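This one's a predicted model, so the numbers in the text were calculated from it and none came from an experiment. Numbered from 1 within each chain, the chains take letters A, B, ... in sequence-line order.
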Amino acid sequence: MKLVLDDDQQLLAKTAAELVSRDDALKRLRRLRDEKNENGYSKEVYAKMAELGWTAIPFSTDQGGAGLGVAEMAVVLEALGRALTPEPLLSSVMLGGRSLALGRFSESSWLDGVIDGSKRVCLAYQEPGSRFDAHHVETSAEKTTNGYRITGEKVHVLDGSGADAYIVSARSSGDTAAAAGIDLFVVPTRVGGVEVAVQRRVDARNAAILRLERVELPATARLGASGEGAALLDSVIDGATAALCAEMLGSMSEAFDRTVEYMKERVQFGVPIGSFQALKHRAARVFVEIELARSAVMAAARALDAGDDRARALVSVAKAKCSEAFLLTANEAVQIHGGIGMTDEHDIGFFLKRARGAEMTFGDAAFHRQRFAALSGY
Amino acid sequence: MKLVLDDDQQLLAKTAAELVSRDDALKRLRRLRDEKNENGYSKEVYAKMAELGWTAIPFSTDQGGAGLGVAEMAVVLEALGRALTPEPLLSSVMLGGRSLALGRFSESSWLDGVIDGSKRVCLAYQEPGSRFDAHHVETSAEKTTNGYRITGEKVHVLDGSGADAYIVSARSSGDTAAAAGIDLFVVPTRVGGVEVAVQRRVDARNAAILRLERVELPATARLGASGEGAALLDSVIDGATAALCAEMLGSMSEAFDRTVEYMKERVQFGVPIGSFQALKHRAARVFVEIELARSAVMAAARALDAGDDRARALVSVAKAKCSEAFLLTANEAVQIHGGIGMTDEHDIGFFLKRARGAEMTFGDAAFHRQRFAALSGY
Amino acid sequence: MSDLESFRAETRSWLEKNAPSELRQKATDPDAIVWGGRRPTYVYPQSKRWLDVMRERGWTAPTWPKEYGGGGLSKVEAKVLAEEIFRLEMPPPLYGFGLQMIGPTLLQYGTEEQRTEHIPRIVRGEIRWCQGYSEPNAGSDLASLQTRAVRDGDHFVVNGQKVWTSYGNFSDWMFLLVRTDPDVKKQSGITFILLDLETEGVSVKPIKLISGASPFCETFFQDVRISVENVVSEINAGWTVAKALLGHERSMIGSVFGAGRRAKKRTDVLVETARRTLGEREGRIQDDVQRDRVAELLIDQACFELTVQRSHDGAKAGQKPGPESSIFKVYGTELNQRRHEAMQSMRGPSAVGWEGPGFSEEDLQQTRDWLRSRGNTIEGGTSEVQLNIIAKRVLGLPD
Amino acid sequence: MSDLESFRAETRSWLEKNAPSELRQKATDPDAIVWGGRRPTYVYPQSKRWLDVMRERGWTAPTWPKEYGGGGLSKVEAKVLAEEIFRLEMPPPLYGFGLQMIGPTLLQYGTEEQRTEHIPRIVRGEIRWCQGYSEPNAGSDLASLQTRAVRDGDHFVVNGQKVWTSYGNFSDWMFLLVRTDPDVKKQSGITFILLDLETEGVSVKPIKLISGASPFCETFFQDVRISVENVVSEINAGWTVAKALLGHERSMIGSVFGAGRRAKKRTDVLVETARRTLGEREGRIQDDVQRDRVAELLIDQACFELTVQRSHDGAKAGQKPGPESSIFKVYGTELNQRRHEAMQSMRGPSAVGWEGPGFSEEDLQQTRDWLRSRGNTIEGGTSEVQLNIIAKRVLGLPD
């Protein structure tokens with residue numbers, strides 16, 4: 001595993017950076033938030049991303065994908081993270097699409113739709129009582145003559161408002177937190193008994209509550225073999241976590257760059273505040289943390305792509321480090337910006353809010369430290 | 001409870017500061033260390049302390065004491081801590097003497113000896129497996145026709161080398177870590193079956209291992225009523241912990257003052273290093289921590305003297321805060337002194353070593369955080 | 001019975017009769033705070049009655065001189081009064097910058113005319129005051145402020161802008177710093193002046209914060225005319241007045257995070273949040289890692305409260321005040337931030353809520369409080385400025 | 001079979017034959033390190049044989065030119081050699097400042113005569129080198145050094161003092177910085193020069209550290225005469241040479257705390273210490289609070305190692321070297337300190353041992369290692385200096 005971008009990845013990074021520089025995503029995010037837009041993203045921009053092939057990245061060419069991996073997705077998401085771009089690439093591709101692909105879903109039109117960007121499929125796995133444990137599933141999957149009957153409530157469904165379908169985790173047997181007994185099901189939004197409510201997040205990202213009341217599904221709605229749900233969920237979430245870390249890396253890098261810029265411009269006591277050594281040292285420490293985060297993100301993505309034994313542990317390394325580094329960066333950014341950093345009018349606060357939102361997605365640092373310890377056998 | 005020194009306490013502080021300024025304790029500590037002196041302190045200086053009445057401080061006038069409290073002992077020990085004074089005031093008075101006094105020991109000559117400084121009595125309660133749990137007692141006290149037979153091993157006996165007697169915790173019943181079943185016994189050094197080995201500590205303080213091999217004691221050797229041992233031990237150690245915190249407070253204050261002085265003198269890049277803002281801010285933060293530690297130490301001592309309900313919790317507050325503040329201060333002191341701070345020839349390293357030694361006496365910060373949480377009911 | 005004992009007895013019976021029972025137990029309820037002013041609002045209708053009876057006796061400002069409408073109480077009597085109010089857990093009858101900041105400043109630096117005009121109206125809660133210090137380019141470096149005041153006969157003509165005016169949009173008068181001499185050392189050309197915000201040329205605009213609330217305003221001055229009679233102390237001597245007031249502000253902000261009931265409430269909220277979000281067994285927080293963090297925070301909280309107490313005890317014992325205000329400011333605000341960060345961690349996914357559904361009112365409020373807490377280390381003198389002050393004034397480190 | 005493959009095959013079979021089996025598996029054993037010099041010591045007798053066979057081929061310095069006794073290998077060949085040595089877990093045949101620091105410097109800046117004189121003796125381990133940079137008043141501000149060198153015909157006469165000379169008492173030659181022009185900007189009057197420590201007027205005194213060990217010395221110069229032929233690069237151009245060498249030293253120190261076997265060993269020691277001192281259940285550390293701390297440290301360790309790897313991978317891919325050496329120095333050393341602090345905490349009362357009885361050898365060594373680790377953030381450029389470098393060179397923040 002080499003921790004460098006190859007030529008193709010560099011080209012991809014360049015393309016993504018160009019799109020981001022043309023499109024003022026943060027302004028769009030602010031507008032969508034102020035309008036209380038239910039989807040929280042622009043369909044046109046998302047279509048443009050699909051056109052650039054980004055929605056196809058991590059899928060095999062057999063499936064109509066680009067045959068690339070998490071590492072390439074990370075390159076794109078890092079660029080998007082720089083502008084806090086709200087388009088649902090992570091959710092539809094890394095969660096929805098990858099569930100369909102890894103679960104070998106029979107009805108190929110869904111994955112096709114994800115890959116060409118015409119459909120959005122979201123993963124609904126969290127529940128009010130699950131905190132960060134994906135195996136905590138109270139939603140029930142009752143066997144019927146023709147298939148399954150699903151009842152339960154899912155929360156924090158990323159980009160869940162306006163989705164075309166949901167991948168829902170449900171339990172046919174076992175205790176609430178057991179890995180055994182979980183299955184994943186494809187639930188089209190228009191099926192009877194499905195109710196979607198918009199959730200408003202601090203980071204202004206799209207999220208939803210999904211209520212399933214005796215939703216009748218055919219047997220073919222199940223992903224993978226029976227009982228494979230937990231393992232499938234773990235794989236999908238690991239990939240999405242690495243990708244989210246890349247997005248966080250982009251966001252923290254941008255927040256940091258803006259702060260360093262501000263330190264050079266803002267004059268107090270007759271000199272730029274960046275000439276104060278106490279601030280310099282703090283900025284240097286933030287820089288080091290971001291450098292470490294970058295290494296961890298690159299390693300996690302490449303280990304996943306290579307099927308490396310250490311992949312899961314490296315995903316936890318990356319998420320623990322990115323969660324803390326992003327919060328540190330954002331807190332220091334607001335502090336160094338001073339009063340203006342506390343105003344809604346200034347953009348830097350959006351990074352702080354996103355730091356919290358991203359931290360609480362797929363497990364915070366404390367959760368991943370525990371997971372890392374368990375995976376390391378101590 | 002008022003967190004100020006009254007007039008008598010201020011006078012006591014002044015007297016103690018004067019003794020410390022006349023007597024270069026740190027030089028003595030260094031010499032005793034280099035000579036591998038078994039006692040690690042000066043009998044002459046200790047006699048002088050007794051003469052000043054310090055060994056009598058926390059005992060009631062009925063018992064021949066000064067009728068003062070932990071708060072006054074704290075005043076003296078803070079002054080001694082400034083010079084890392086190694087004389088065994090804490091061990092003989094706050095541990096040995098207070099055990100005898102609180103345990104209402106029948107043979108008054110021992111307590112008289114402690115009070116006039118002619119005898120040293122040490123508390124032997126730690127064992128190889130006890131870590132910081134004073135109720136972890138494996139040493140056995142077997143009932144005999146005339147009294148007790150004690151067998152076991154005690155370690156980290158403070159100032160244990162050259163003591164005249166030991167207060168030993170031993171168990172006549174109950175599980176290894178149970179509070180019930182523990183008693184305290186007075187074991188004169190010259191009794192058969194007692195063996196003392198000198199321990200060499202990083203902070204060059206006197207400590208010993210005590211081995212008791214079927215030591216025969218009369219029934220009158222027991223302190224307090226049978227089964228009172230654990231409660232007695234807790235009270236004695238709480239008082240000594242508050243007193244140790246005061247000593248730590250003096251030591252960290254001195255290490256800090258020396259560091260600030262050095263920051264004003266040491267010139268690099270043509271200016272005193274104390275003009276560098278990054279160092280200034282770090283010094284200011286250390287200062288704040290020491291101020292907080294001072295408040296906690298004063299409160300703990302006064303709460304103990306007043307028999308306040310919150311006393312135990314405040315002792316934990318003080319020890320947790322002092323352990324961390326002293327280590328922080330000492331680490332920053334060595335770092336700011338630079339290379340010279342790493343040499344044995346320079347005194348600042350003694351403060352770092354003492355910070356570690358004091359941290360590990362009567363429980364470190366983690367231990368006291370847990371204790372504080374338990375005492376606070378969460 | 002000593003005079004003080006009889007004062008206590010009388011006070012107690014008077015309070016029993018006059019303190020509206022509906023407000024008892026509401027000592028820490030933010031809705032029970034009354035700010036007064038020309039357009040006063042009362043969330044609880046009884047708050048008006050409570051203010052009325054108290055201000056009649058001058059007990060909104062118990063130690064201020066009777067001649068200006070104050071209570072004329074001695075410090076010990078005022079303490080007894082505070083204890084008796086505390087006993088009933090009554091909220092203060094009136095709160096604000098008038099009582100806390102400009103009132104004491106006018107008593108120290110004001111002219112007889114200024115005192116006669118303003119102090120009684122502060123005591124009675126008829127005028128709500130705000131502070132005009134910071135400017136867009138004068139934050140930590142406050143003395144570089146640029147709002148100009150040019151003399152024109154008996155008036156100053158003021159042009160410029162202030163920011164971070166707390167509740168400027170609800171206030172009637174502002175005390176502000178203006179530059180009256182641009183040609184001398186920056187600290188030497190500043191004047192402290194009083195301004196009725198209804199004067200022509202003043203406009204006020206709320207600033208929305210990242211927490212969603214707008215407790216601060218920007219204030220703009222366009223050819224605003226202020227009589228020179230409104231200058232406090234001498235012209236060009238405003239920096240001295242301002243510094244006295246700033247020290248006061250620091251201890252106010254610091255002590256808000258310090259001892260007393262609010263601290264107790266904060267402690268309880270932290271422990272309750274831990275138990276609620278992480279689970280408990282017989283009251284013990286289940287997650288040992290977070291329990292350790294709670295204990296660390298509450299030990300620091302205890303040390304901080306004890307330091308506030310030590311400072312008060314020292315002052316009572318006649319010790320000279322030390323660097324307390326800077327210590328309290330830097331530590332109290334950071335501790336509050338650490339507490340909020342810890343609670344966010346405990347709350348996990350629930351910490352990301354901004355509006356319902358799916359999040360409890362408590363969750364939403366905690367998220368906004370967390371965001372608001374990030375400003376604590378900026379407002380009222382940044383932590384960096386406080387650390388500079390400690391390094392210079394206390395440790396004597398060189399520039 | 002490609003050339004490289006055949007090189008590997010030959011190397012492997014040669015090593016199988018010549019690498020003393022007694023030294024295999026001893027790659028990280030400190031006793032297996034050979035420093036060479038005029039009075040060489042070998043803890044393991046086989047170390048001498050290992051040095052002999054390797055230096056015959058120039059493989060103590062595999063990539064150095066053959067004409068000076070080096071191995072003359074290409075970078076890829078040298079990598080194959082390293083891999084094959086790694087495969088047998090053999091220690092390096094020779095180690096020290098000659099190979100790591102002065103050798104590369106002479107290859108870059110030295111005269112033909114200097115190379116011919118010194119390089120072969122470095123390769124063969126016949127001369128042990130030490131560094132004379134710091135002085136009592138020139139620590140972080142190295143350029144303010146005061147050791148004077150006054151020209152006297154073909155010689156310089158040197159007077160002054162150096163400190164923090166690693167293993168000065170075991171070394172034969174020193175490369176040092178002296179002031180040759182006191183009248184110009186401090187960086188411009190410094191010369192880089194080589195000195196045989198057996199020269200008259202040189203005296204060396206070990207410095208005892210707080211850990212009890214004495215790995216450093218003070219060196220005093222009294223009218224020491226050095227031929228001008230020993231000047232490296234130009235007179236008064238020593239600062240450029242020194243800076244090149246300092247960057248090298250930083251990465252050396254940083255990488256010691258970085259990746260590879262030592263890091264693995266450090267990880268294992270931390271986890272083992274936690275299990276031993278806090279108890280375990282099926283390998284899981286019992287104390288959840290400390291377990292969280294171990295995980296935090298090892299996550300940081302992993303991130304650090306990956307960053308070292310990323311830097312190497314980037315260099316191989318032709319990327320320009322960035323600020324890595326300062327990052328590695330500041331982070332690697334602090335991480336090592338945090339690790340030692342954590343282990344001290346875990347060990348509890350056993351952490352206070354200095355000598356026996358009552359403390360295990362392991363405990364005593366860990367205590368001394370903890371004390372030694374406090375120097376990591378001072379030696380080789382303090383953390384403060386590294387942070388200054390990052391702020392200036394990477395972030396471009398103004399002075």
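Heavy-atom distances place no part of C/R281 under 4.5 Å from chain B, backbone and side chain included. Interface residue C/Q319: only side-chain heavy atoms are found under 4.5 Å from chain B. Both the backbone and the side chain of B/Y378 come within contact range of chain C, with heavy atoms under 4.5 Å apart. Residue B/L279: no heavy atom, backbone or side chain, is found under 4.5 Å from chain C. With a 4.5 angstrom heavy-atom cutoff, C/N388 touches chain B via backbone and side-chain atoms both. Of the atoms belonging to B/A373, heavy atoms from both backbone and side chain fall under 4.5 Å from chain C. Only the side chain of C/V394 comes within contact range of chain B, with at least one heavy atom under 4.5 Å from a heavy atom of that chain. Neither the backbone nor the side chain of C/E272 has a heavy atom closer than 4.5 Å to any heavy atom of chain B. When heavy atoms are compared at a cutoff of 4.5 Å, C/E280 does not approach chain B at all. At a 4.5 Å heavy-atom cutoff, the contact between B/A374 and chain C is made by backbone and side-chain atoms alike.
The residues B/R266 and B/E261 are annotated as not salt-bridged, no charged nitrogen and carboxylate oxygen being separated by less than 4.0 angstrom. Using a 4.0 Å cut-off between charged side-chain N and carboxylate O, C/D287 and C/R293 make no salt bridge. Remark: B/E254 engages B/R258 in a salt bridge, criterion side-chain N to carboxylate O under 4.0 Å. Under the 4.0 Å criterion applied to side-chain N and carboxylate O atoms, C/R372 and C/E379 are assigned as salt-bridge partners. Under 4.0 Å is where a charged nitrogen must lie from a carboxylate oxygen, and between B/D308 and B/R310 at least one such pair does. The residues B/R354 and B/E247 are annotated as salt-bridged, a charged nitrogen and a carboxylate oxygen being separated by less than 4.0 angstrom. Taking the charged nitrogens against the carboxylate oxygens, B/K319 and B/E359 have no contact shorter than 4.0 Å, which rules out a salt bridge.
Between chain C and the options B/M1, B/R285, B/Q370, B/M263, heavy-atom pairs under 4.5 Å are most frequent for B/R285. The choice from C/A274, C/A302, C/P398, C/A391 that makes the most heavy-atom pairs within less than 4.5 Å of chain B is C/P398. In terms of heavy-atom pairs under 4.5 angstrom with chain C, the leader among B/G274, B/A293, B/A283 is B/G274. Comparing C/K392, C/K316, C/E296 by heavy-atom pairs within less than 4.5 Å of chain B, the highest count is held by C/E296. Between chain B and the options C/L397, C/D399, C/V294, the largest number of non-hydrogen pairs under 4.5 Å is found for C/L397. Most heavy-atom pairs under 4.5 Å with chain B: of the set C/E282, C/R284, C/R291, this distinction falls to C/R291. Contacts with chain B were tallied for C/L387, C/D300, C/D288, C/D292; C/L387 has the most, counting heavy-atom pairs under 4.5 Å.
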Could you walk me through whether C/S74 and C/E77 pass the side chain to side chain contact (heavy atoms under 4.5 Å, CB included) test, one step at a time? CA-CA 5 Å; C/S74 68; C/E77 286 169 335; 3.3 Å; yes
Can B/D257 and B/R82 be said to form a side chain to side chain contact (heavy atoms under 4.5 Å, CB included), step by step? CA-CA 10 Å; B/D257 290 351; B/R82 282 226 164 231; 2.9 Å; yes
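The aromatic rings of B/F287 and B/F256 sit tilted, their planes meeting at an angle between 30° and 60°.
Under 3.5 Å, the side chains of B/S295 and C/T307 contain a donor-acceptor pair of N or O atoms.
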